[in-house]
Amino acid sequence: MSDLDFADLDGGRHVNYYAYDPTLRRAVDRVLDGDDHAAATERLRAFGEHAGHTIADHADYVDDHGPELRTYGDHGDVVNDVRYPAELHEEARLAYESGMVADVFDAPAGRDEPLPFTHHFAMGYLLSMSDAGLYCPVSMTAGVALVLDKYGDGDVLESFLAETTSRDYDALSEGAMFLTEEQGGSDVGATETVAEPIDEPGTYELTGVKWFCSNIDAQATLALARTPDAPEGTKGLSLFVVPHELDARAGDDVDGGEGPVLNDQLYRRLKDKLGTISVPTGEVELTGATGYLVGEESRGFKYMTDMLNLERLANASASCGIIARARLEATVQAANREAFGSPIEEYPLMRQDLVDMAVDHEAATAFTFDAAATFDRRENAADEAEREDAYRLMRALVPIAKYRTGRMAVDTASYAMEVLGGNGYVNDFVTNRLLRDAQVLPIWEGTSNILSLDLLRALDREDAHEPLLERIQSHLDTATHDALADAKRVVESEYAELGAALAHLGTLDGEAAQLKAKDLADYVFDVYTASLLCEMAQRDLEDGDARTALVARRFVHTHLDAASGRGITDDDRFPLEYFDAVVKHATVDPESVTPAAPADD
């Protein structure tokens, strides 16, 4: 009996996105335990209702009526005014007041401790099913709060921390990060913005141009700049909070007591973007803007890496959310659209496509939340040894999660559009927006090349391959059920090949290794995810359900098990035999998919 009947839906909305997504629930069940799980589930279910109804409806309107910038007033004075539609404010209020940021820094009601960051990423997944653009400022607000919580000191920065973690939308200061400069792009070390100290301790004036600034008018923006006599490259960069408006928080009366005044910066224009219309992205000219130093001078890039890791995981969570929504739209269409007298889900090619879309969704979500749990372990480690071990694994998993899920989101959204046919291509249907929004995910927070090279650095500098290989082996050791035997055998073989590939990579010169970086990232994702799905399947098999074992077997078959004759000669009927199990989450008896034991002679 199927748990989900997609034919009951008219489209991929007006349902509770958390209640209707067993894939996300399974990932949350795996990485959160006890009180954390109970508290997160309660909040996720409540927010899933908002995401599937109000936010999903508002997001389509906001896509057509996005933020608008008025740089100058009627008399030529700089106003830097970004006007937002009321629907976007309501979306944001629902997100922030549901605790997406606050709950991971301050204990919510009924708890003694904040929730783990995996809760934030799960909330971001749900938000991205409706509006991935809005998750950008929400995640950056969490990122700014993380940096200030770890490295901020003094009343000024503590006040920014309190404002970015507020549960009251009207008292909230949103966060942003201004890193990109036109001459540098991904080369952050090429930053030309300069910061000159002024009389007030910890206060500087910043001058320069930031080229791609999302959430342009945030009140708590982190920006990198070079102080006088600082060295070139990333080692010479310092980190500053640059507010949209100035007030008396630094102890000086900025305007004679008449209230906040604009900081000295010019919002030159908003980018005319392909998608993510709900977040205003523009160019900012810092013209002696006041900035407050975070931590010590010339350590800014190190501090920013904490936010960057969070943003990359948020990017991966957004990718999973778009995959989930695109899959939902395609599956509902296939269940309801008739062609040649039957729903198109009954045709073998469509069944195969929907099965593989579901498997990719499971794979992306499992990998992302495993990486998120590793991020949490690093942040909450009991001792330095545990923190270092989690950090080394995180350095390998995070760039891969961001790279692969971003590409998967684009591919899945594109195919969902194809399933809807001509309707999917026009702006009246959400697949149009999903594809436009997805296209930025491989770009934000590092392109695929940058991320693959980051993996090489993690292997070289942090020996990240050691905990990576240990984790894969641990997953495989757990998978002992006979229903997983064939898949496990393939993964074990590829695990050995991956180890050999890593050893060979260590013998190559820099340029030769770089040529293999993206292939390596893909290989790690495939082997790690296959082992992870086997481990998750073992858990479900012990509970009497073999569905995840089928998902693991299909992933291994399509990603690791080289098929002869391009698979044409193998007579594979998996999508026909297991369509309801994989796509509609029907429960599967483990005995029905377990090979029979050989008969005694």
Side-chain angles (χ1 to χ4, degrees), residues 1-26 48 51-52 56 60 125 128-130 319-365 408-438 547-548 550-551 553-555 557-558 567 572-588:
M1 186 69 178
S2 297
D3 294 323
L4 304 177
D5 190 347
F6 296 96
D8 288 344
L9 303 180
D10 294 327
R13 68 177 73 204
H14 300 155
V15 295
N16 184 313
Y17 280 158
Y18 188 69
Y20 218 78
D21 194 332
T23 298
L24 176 60
R25 296 203 309 272
R26 186 177 297 107
D60 291 336
Y125 172 119
S128 299
M129 289 185 71
S130 300
S319 297
C320 293
I322 285 183
I323 291 169
R325 178 69 181 279
R327 177 194 166 197
L328 180 59
E329 295 290 340
T331 310
V332 170
Q333 172 75 358
N336 287 282
R337 173 71 171 176
E338 289 195 0
F340 312 109
S342 299
I344 62 175
E345 73 169 14
E346 294 186 6
Y347 292 101
L349 284 175
M350 182 56 67
R351 289 200 157 202
Q352 177 172 260
D353 291 339
L354 293 177
V355 162
D356 288 335
M357 190 183 291
V359 170
D360 281 350
H361 178 209
E362 299 262 357
T365 304
M408 293 167 76
V410 174
D411 293 343
T412 305
S414 177
Y415 186 67
M417 178 182 284
E418 184 179 342
V419 174
L420 269 68
N423 285 343
Y425 189 65
V426 301
N427 198 38
D428 295 335
F429 291 80
V430 74
T431 48
N432 178 294
R433 174 168 61 84
L434 292 179
L435 181 57
R436 289 186 286 108
D437 286 353
R547 179 194 170 273
T548 311
L550 292 174
V551 170
R553 282 160 55 169
R554 184 65 179 178
F555 183 87
H557 176 71
T558 55
D572 175 38
R573 297 181 63 84
F574 185 100
L576 303 181
E577 295 173 359
Y578 300 118
F579 177 79
D580 281 353
V582 175
V583 175
K584 299 183 179 182
H585 291 262
T587 301
V588 179

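Just the heavy atoms: all of them, side chains too, but no hydrogens, waters or symmetry mates, feed the values below.
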Pair E362 + R554, salt bridge at N-O below 4.0 Å: no
Apply salt bridge (charged side-chain N to carboxylate O under 4.0 Å, His left out) to residues D437 and R325 and explain how you reach the verdict. CA-CA 12 Å; D437 286 353; R325 178 69 181 279; over 6 Å; no
Heavy-atom check, side chain of F6 versus side chain of N336, under 4.5 Å: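 Sidechains of N336 and F6: no contact.
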Would you say that N423 contacts Q333 through its side chain, given a criterion of any heavy-atom pair below 4.5 Å between the two side chains? no
If I compare all heavy atoms of [X] with all of [Y], which pair ends up nearest, and what's the gap?
X	Y	result
A335	A7	CB-N, 3.7 Å
R327	V582	NH2-O, 3.7 Å
A416	A326	CB-O, 3.4 Å
I323	A364	CD1-CB, 4.0 Å
A339	I344	CB-CG2, 3.7 Å
A56	Y17	CB-OH, 4.1 Å

Could you go through the side-chain contact (heavy atoms from CB on, under 4.5 Å) check for D60 and R433 one step at a time? CA-CA 8 Å; D60 291 336; R433 174 168 61 84; 3.1 Å; yes
To the nearest 0.5 Å, what is the distance between [atom1] on [X] and [atom2] on [Y]?
X	Y	atom1	atom2	value
E346	F340	CD	CZ	14.0 Å
N432	N427	CG	CG	4.5 Å
L420	F429	CG	CZ	7.0 Å
H361	L24	NE2	CG	7.5 Å
D580	D5	CG	CG	9.5 Å
T558	D360	OG1	CG	7.0 Å

Would you say that more than 12 heavy atoms from the other residues, nucleotides or ligands in this model lie under 6.0 Å from the OH of Y347, or not?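 Correct, the count exceeds 12.
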D10 atom CG: more than 12 heavy-atom contacts under 6.0 Å: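 At most 12 heavy atoms, drawn from other residues, nucleotides or ligands, come within 6.0 Å of this atom.
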F574 vs L550, side-chain contact (heavy atoms from CB on, under 4.5 Å): CA-CA, chis, key distance, verdict: CA-CA 9 Å; F574 185 100; L550 292 174; 3.9 Å; yes
Pick out which of K584, R351, R337 makes a salt bridge (Lys or Arg N to Asp or Glu O under 4.0 Å) with E345. K584
Donor-acceptor contact below 3.5 Å, side chain R547 vs main chain V588: no
S130 side-chain N/O to A51 backbone N/O, donor-acceptor pair under 3.5 Å: yes
Do L354 and F579 pass the side-chain contact (heavy atoms from CB on, under 4.5 Å) test, and can you show the C-alpha distance, the side-chain angles, and the key distance before you say yes or no? CA-CA 8 Å; L354 293 177; F579 177 79; 3.9 Å; yes
Paired with L9, the side-chain contact (heavy atoms from CB on, under 4.5 Å) test is passed by just one of L4, T331, V332, namely V332
Test Y18 against Y125 for side-chain contact (heavy atoms from CB on, under 4.5 Å), laying out the working first. CA-CA 10 Å; Y18 188 69; Y125 172 119; over 6 Å; no
